[in-house]
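Structure first, commentary second.
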There are 2 protein chains.
Amino acid sequence: MAPMIHKILLLEDHRDAQAWLLHALQLAFGPDIHVDTVSLLAESKKYEQENSYDFILVDLNVPDGSGVDLIRQFKVAHPDRYCVVATIFSDKQHLFSALKAGADGYILKDEEREDIAQMLGGILQGNPPISASMAQQMLRYFHANFHDDHQQVIALSDREREVLTCIAQGMSNKACARELSISHHTVSEYIHNVYRKLGIHSRAEATREAIRRGII
Amino acid sequence: MAPMIHKILLLEDHRDAQAWLLHALQLAFGPDIHVDTVSLLAESKKYEQENSYDFILVDLNVPDGSGVDLIRQFKVAHPDRYCVVATIFSDKQHLFSALKAGADGYILKDEEREDIAQMLGGILQGNPPISASMAQQMLRYFHANFHDDHQQVIALSDREREVLTCIAQGMSNKACARELSISHHTVSEYIHNVYRKLGIHSRAEATREAIRRGII
DNA sequence: TGGATACCCCCCTATCTAGGGGGATTGATG
DNA sequence: CATCAATCCCCCTAGATAGGGGGGTATCCA
């Protein structure tokens, strides 16, 4: 990852927040960093293309779009450089769309400036700058699947699992039969068994189950 | 969440690590905590059932099984109490299986004792105790899907997306028609369009696409 | 000897898939 | 203003497929 952070792009449309975040950046990375501050998404994407930033700090709601677009552009071009969100949005939609776009951190602007600076600086030691409540959200994401996961897994036979794998990938019964070198009547029967065991009644549900079980 | 932490269960089979973690717990939560220390999974599960702990600190590899089982048991019984992993395993398999089981934190034992204590204590302020490299793993998990996600998303019309949502959940064309209050012939045409746009040919594939796109 | 598993065959009907039509409504563009 | 493209809605037919029911044989293992 980036060993030093000098050249920084800050996307933030509020004057006050600009100054506030700039100060936090200086606290985090020292006084002689170079920070380009822009207020609009379009502007930021242009700057990003024409310069080579070590680090970008991004607000999500800017007047002409979402900072997520900048994150995406930056991370496609520089997957190994850092990109952190600073926002007031604490909902999981904003969080996860930013993370999916490639954000390496997600800070809420209602924190103390010193805390923000410390979190930002931590990135150089490999410590992702993530506000406590956002880290909780991420944990909850993993906890969410756990109920489904550990309840008694209905056992499928090898053949049934193979058939399920095939049809969940969109194969027809005949294709599945060819694949497994059995008759399509037999395939049909296995599917019947799988449906009965899993309590489902259609291929779409079978696909969902297969994905949920990690079979495909 | 738990306002105070008094009664703690520590599952850890190494003598040295027991003392080390006990000390970290005292640094984090004060000297007058009560800590039951056990070395075996079976023992820990028994203790957990017979007592009411505010907090459990769990090693993953104990001689008679995996600490994940204790986490699961504890979190099923007390979803609102804290459970943190302390381990030497830094791979994502161990991490994610612990998180799925319900872990609220994941600490690597090669950290400084003061850092461990600080992370543990942070839980009372809602700050999940997660070692830096493990937090990075979690981030990478979300980044992983981003390539699929941002490649040009084939646009579906509102109606097409609604229909896709229905059939991806396993509804028949007729059920979908009832749901959306349109004729099943129309449903059939929308499905046809969706198939064409997404380059698929079956309901199973439609379900996969719908899941991949986050529609269901 | 029963039960679970794997494999095969036949039947039926309902549904789906893929074509072919026909319109109505928007919004942009010349 | 026309008109063009996109979107949305409806109808029809025909063949393929799926889902549910029945029947059977063979193996392996408790």
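In what follows, every chain begins at residue 1, and chains take the letters A, B, ... in the order their sequences are listed.
Under the ring-ring contact (aromatic ring centres under 6.0 Å, His included) criterion, Y53(B) pairs with no residue, sequence neighbours left out. Among residues two or more places apart in sequence or in another chain, the side-chain contact (heavy atoms from CB on, under 4.5 Å) test is passed with H6(A) by M4(A), D54(A). Every residue two or more places apart in sequence or in another chain that forms a salt bridge (Lys or Arg N to Asp or Glu O under 4.0 Å) with E160(B) is listed here: K197(B). Considering only residues two or more places apart in sequence or on other chains, D110(B) meets the salt bridge (Lys or Arg N to Asp or Glu O under 4.0 Å) condition with none of them. For E189(A), there are no salt bridge (Lys or Arg N to Asp or Glu O under 4.0 Å) partners, not counting sequence neighbours. Residues passing the ring-ring contact (aromatic ring centres under 6.0 Å, His included) test with F55(B), sequence neighbours excluded: F29(B). Under the ring-ring contact (aromatic ring centres under 6.0 Å, His included) criterion, Y195(B) pairs with no residue at all, not counting sequence neighbours. Partners of R161(B) under the salt bridge (Lys or Arg N to Asp or Glu O under 4.0 Å) rule, at least two apart in sequence or in another chain, are D158(B).
Protein chain A contacts DNA chain D from dT17(D) to dG21(D), reading 5' to 3' and using non-hydrogen atoms of the protein with a distance under 4.0 Å.
Contacts with DNA chain D (heavy atom under 4.0 Å) in residues 175-183 of chain B: I182(B), S183(B), listed by number.
For the residue pair T207(A)/R203(B), the side-chain donor-acceptor check at 3.5 Å is not satisfied.
Each end of the helix from dT1(C)-dA30(D) to dG30(C)-dC1(D) yields a helix axis from five base pairs, and these two axes differ in direction by 40° (to the nearest 10 degrees).
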Quick one: what's the B/S/- string for nucleotides 12-18 of chain C, heavy-atom cutoff under 4.0 Å, read 5' to 3'? ---SSBS

